[in-house]
Amino acid sequence: MAVFSLGGTIASTNTPGVDGGGVTPRLAAKELLAGVPGLPDSAELEAVTFRQTASGDLTFDDLTALAAEIETRFEAGAAGVVVVQGTDTIEETSFALDLLIDAPNPVVVTGAMRNPTLASPDGPANLRAAVQVAASPEARGLGSLVVLNDEIHAARFVSKTHTSSPAAFRSMTAGPIGWLVEGRPRIVLRTTPLPGIPVPTGPIPPVALLTMCLGEDERLIEQVSALGYAGLVVESFGGGHVSARTVSALERLAATMPVVLASRTGGGDMLQATYGFPGSERDLIARGLIPAGYLDGLKARILLSLLLGNGTGIEQVRAAYAGV
């Protein structure tokens, strides 16, 4: 089993000789593993320091390179992989890996909310739990998983919901698919595999993410194309609603690029056939917008970015979202 470290809070500590400067990602993968008691004896762990950065600085290039490295480990016989990173973007990176890695082997992403300089860091326990899940035959075929606080979440559902709590990660739509007890993973829900996406070989076009809010108008929407974006994800009110003031601009934009409709609520499926007022989900779908299913805005943007990175046309994009 390979353990890829990308940095983040779990790998952050003070710089020697510097007081009061805050912690930064400095610990390598071997150092992280060395600080974890009770790792499974049966797991032969390869420590790979893949990146050492805050997770907000990760890019699609980093993720496509990581996906390729993980596929290489699986082809060489690795039963599972653990990815250790900062929690700020776990919900995005784990979902990207879910789409890019075409193998039944477990890919488990974890991190920490409390850094190693604090009295009760959660990183060692989370890393141990992630290794235990990745080594479990029960985790095969579930796609990418996120494991923190002894809970097992499907990457497609999980979100970070608190700035500092060790229980920050929640799956609002479906709940966790399992948990750990006495070091044993217990899977109680099984997800169906997502349709895979080939790893893009060229640049991934930029996709904008815009959240609807009270009083929003069309000005930002009208700048999306001029700023060089290739697609837009709109985090709408409720089940798929926007201000009537923005409808015409969204319709014009949807005629030139994919415009995906997600919800800013963070949970539940997009509506498609309930409301009929201007700016409702029925109105917007009729104008060419694409409902995101159960994906929130962050994950809908990940999917659209990877689809566009493979040169996917608008009808294929529409079909991809119809499958979630």
Side-chain angles (χ1 to χ4, degrees), residues 1-8 28-30 32-33 40 42-53 55 58-86 89-111 127 130-147 152-156 158 177 185 187 190-205 299 301-312 316 320 323-324:
M1 181 186 303
V3 177
F4 290 88
S5 173
L6 278 62
K30 286 185 178 179
L32 292 177
L33 289 173
S42 60
E44 294 184 11
L45 302 179
E46 175 194 8
V48 183
T49 303
F50 190 76
R51 299 287 187 272
Q52 282 185 300
T53 187
S55 65
L58 294 171
T59 66
F60 278 106
D61 288 342
D62 293 319
L63 296 181
T64 54
L66 177 60
E69 287 290 330
I70 291 173
E71 292 277 16
T72 298
R73 295 309 194 283
F74 287 158
E75 291 169 2
V81 158
V82 172
V83 177
V84 186
Q85 66 159 82
T89 60
I90 276 184
E91 58 203 283
E92 293 165 272
T93 59
S94 61
F95 183 60
L97 295 176
D98 203 3
L99 296 169
L100 292 172
I101 296 172
D102 184 22
N105 312 50
V107 176
V108 181
V109 187
T110 193
L127 180 49
V131 170
Q132 290 165 335
V133 172
S136 171
E138 290 188 27
R140 287 181 61 84
L142 294 177
S144 180
L145 303 172
V146 173
V147 174
I152 305 168
H153 295 266
R156 69 194 73 178
V158 75
I177 66 168
I187 306 294
R190 299 196 70 84
T191 55
T192 56
L194 292 172
I197 296 179
V199 176
T201 57
I204 295 178
K299 292 185 176 64
R301 176 181 170 272
I302 292 291
L303 176 56
L304 183 55
S305 298
L306 294 176
L307 288 169
L308 294 178
N310 279 291
T312 306
Q316 289 74 30
V324 298

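No experiment lies behind these values; they were computed from the predicted model shown.
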Closer than 3.5 angstrom, by distance alone: can the side chain of T110 be matched with the main-chain N or O of V84 as a donor-acceptor pair? no
Which atom pair, heavy atoms only, marks the closest approach of I101 to E71? CA-OE2, 3.4 Å
Heavy-atom pair with the smallest gap, counting every atom of E91 and V158: CB-O, 3.4 Å
Does any N or O in the side chain of S136 come within less than 3.5 Å of the main-chain N or O of Q132, such that one atom is a donor and the other an acceptor? no
How long is the gap from CD1 on I177 to CZ on R156, to the nearest 0.5 Å? 8.5 Å
Might you confirm whether atom CG of N310 has over 12 heavy atoms from other residues, nucleotides or ligands at distances under 6.0 Å? yes
T49 side chain vs S5 backbone, donor-acceptor pair below 3.5 Å: no
Tell me, with the steps shown, if R73 and V48 meet side-chain contact (heavy atoms from CB on, under 4.5 Å). CA-CA 11 Å; R73 295 309 194 283; V48 183; 3.6 Å; yes
To the nearest 0.5 Å, what is the distance between CZ (F4) and CZ (R51)? 10.5 Å
Looking at every non-hydrogen atom in both residues, tell me the closest pair between A28 and Q52 and how far apart they are. N-NE2, 3.7 Å
Between atom CD1 of I70 and atom CD of E75, what is the distance when rounded to the nearest 0.5 Å? 12.0 Å
Main chain of D62, side chain of T59: is a donor-acceptor contact present, judged purely on distance under 3.5 Å? yes
Is it the case that the side chain of S94 and the backbone of S144 share a donor-acceptor pair, with hydrogens and angles ignored and the cut-off at 3.5 Å? no
Derivation and outcome, side-chain contact (heavy atoms from CB on, under 4.5 Å), residues V83 and I90: CA-CA 10 Å; V83 177; I90 276 184; over 6 Å; no
So, the side chain of T191 versus the backbone of L142: is there a donor-acceptor pair under 3.5 Å, distance only? yes
The single option from L127, L45, L33 that satisfies side-chain contact (heavy atoms from CB on, under 4.5 Å) with V82 is L127
Residue pair K299 / F95: nearest heavy atoms and the distance that separates them: O-CE2, 3.3 Å
Shortest non-hydrogen contact from A79 to N105? O-CB, 3.3 Å
Just wondering, do L6 and L66 contact through their side chains at under 4.5 Å, heavy atoms? yes
Which atom pair, heavy atoms only, marks the closest approach of L100 to P198? CD2-O, 3.9 Å
Donor-acceptor pair, E46 side chain versus V3 backbone, under 3.5 Å? no
Inter-residue atom distance L63.CG - L97.CG, 0.5 Å rounding: 6.0 Å
Taking atom CD1 of I152 and atom CG of L145, what is their separation to the nearest 0.5 Å? 7.0 Å
Tell me whether T312 contacts the main-chain N or O of L308 through its side chain, where contact means a donor paired with an acceptor under 3.5 Å. no
Is any side-chain heavy atom of L306 less than 4.5 Å from a side-chain heavy atom of P200? yes
Within the 4.5 Å heavy-atom criterion, are R140 and P106 side-chain neighbours or not? yes
Residue of the set V108, V81, V131 for which side-chain contact (heavy atoms from CB on, under 4.5 Å) holds with M1: V131
